[in-house]
Amino acid sequence: LDPRLVSARASAIGARLVLLIVRDVTEQERLDQMRRDFVANTSHELKTPVGAVSLLAEAIESAADDPAQVRVFASRISAEANRLGQLTGRIMSLSRLQAEDGLTEVGPVSIDEVIASSIEAHVVQADSAGVELARGGDRGVWVRGDAQILIEAVGNLIANAIVYSPRGSRVGVGVRADDDVVEIAVSDQGIGIAEADRERIFERFYRADEARSRRTGGTGLGLSIVKHATQRHGGEVRLWSRPGRGSTFTIRLPQIAAPANADRDKKNKK
Ligand code: ADP
């Protein structure tokens, strides 16, 4: 606390002003602390795969005359490199979303296309996890925003739903449009989320089940991106979950009317 603030005159108006300034300083300190934590956590998260790559490279050097071993180490290096790529990609998304000019390409966005692209990007993951991906609900719904960011947000929810679900279960992606609101719900029949974790999982790097998340290649950033992306679009994320039964994440966005040329564009594309 700045001592000059403390010694400020405590007249009725002055006191209120001091209070405002103090609150402002506290807010600034909180933001600074958040930034410091982010840098510290990020460095920590990056250190693990970088350390692994360097150990594996040494292992390759000493196993040079054993081709089978070399292949094993090389494929682990490649896995760690993928993880690093995913981590840096997510860190960049998050810092872009937190910047003032976070959304670059803003325009009418077809929710049909957002859902189709985000499902398409996860078909292989769902197949190898033995999870059925199903799309349902309203069609022809539009919002205003940045399509790529929305695809990434819905994609993160789908990816999580698959990761935290058992084989043979189903992940549903549904759309519901009311008067002014579009809801995109991603539901799973997976492990669910304990009540105590429901707020915190949207924080950067927070994982309800640290070991499981790391094992499955989680970064702890996916939901944070979902939250910021949704807020950037003037919306909010809701979560319903029952441990052992499953979870539903719902992205609620303001709806806009379909652009006049929407149908024509669609026909031209065919
Ligand atoms: P991660 O990359 O670890 O999945 P996220 O930010 O996407 O990071 O999610 C944070 C945590 O929330 C996860 O580590 C997991 O514990 C929990 N979580 C997210 N989605 C689900 C889900 N669909 N079912 C159960 N737990 C989930």
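Both counts, for ligands and for their atoms, begin at 1 and track the order of listing. Quick note: residue numbers are just sequence positions, from 1.
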Distance from [atom] to nearest protein heavy atom, with residue and atom:
atom	result
atom 23 (N) of ligand 1	Asp188 OD2, 2.9 Å
atom 10 (C) of ligand 1	Tyr206 O, 3.3 Å
atom 7 (O) of ligand 1	Asn160 ND2, 2.8 Å
atom 26 (N) of ligand 1	Ile193 CG1, 3.3 Å
atom 12 (O) of ligand 1	Ile201 CG2, 3.2 Å
atom 5 (P) of ligand 1	Leu223 N, 3.6 Å
atom 18 (N) of ligand 1	Tyr164 CE1, 3.9 Å
atom 3 (O) of ligand 1	Ser213 OG, 2.5 Å

Has [X] got more than 12 heavy atoms of other residues, nucleotides or ligands less than 6.0 Å from its [atom1]?
X	atom1	answer
Arg245	CZ	no
Glu120	CD	no
Gln33	CD	yes
Arg76	CZ	no

Salt bridge present between [X] and [Y] (N-O < 4.0 angstrom):
X	Y	answer
Arg238	Glu236	yes
Arg207	Glu45	yes
Arg200	Asp197	no

field: Residue list, side chain to side chain donor-acceptor pair (under 3.5 Å) with Arg135, at least two apart or on another chain
entry: Asp112
With atoms numbered from 1 as shown, which atoms in ligand 1 lie under 4.0 angstrom from a non-hydrogen atom of [X]?
X	answer
Gly222	5 (P), 6 (O), 7 (O)
Gly192	25 (C)
Ser247	24 (N)
Leu221	6 (O), 8 (O)
Phe249	20 (N), 23 (N)

query: Hey, is Ala208 touching ligand 1 through its side chain, its backbone, both or neither, going by heavy atoms under 4.0 Å?
result: both
Location of contacts on Ile191 toward ligand 1, heavy atoms closer than 4.0 Å: side chain
Would you find a donor on one side and an acceptor on the other, under 3.5 Å apart, between the side chain of [X] and the backbone of [Y]?
X	Y	answer
Asp138	Ala177	yes
His44	Ala40	no
Glu132	Ser169	no

- prompt: Counting heavy atoms only, which of Gly220, Ser224, Ser165, Gly190 is nearest atom 8 (O) of ligand 1?
  reply: Gly220
query: Looking at ligand 1, does Thr219 have a heavy atom less than 4.0 Å from it?
result: yes
query: Touching ligand 1 at all, Phe202? Heavy atoms, strictly under 4.0 Å?
result: no
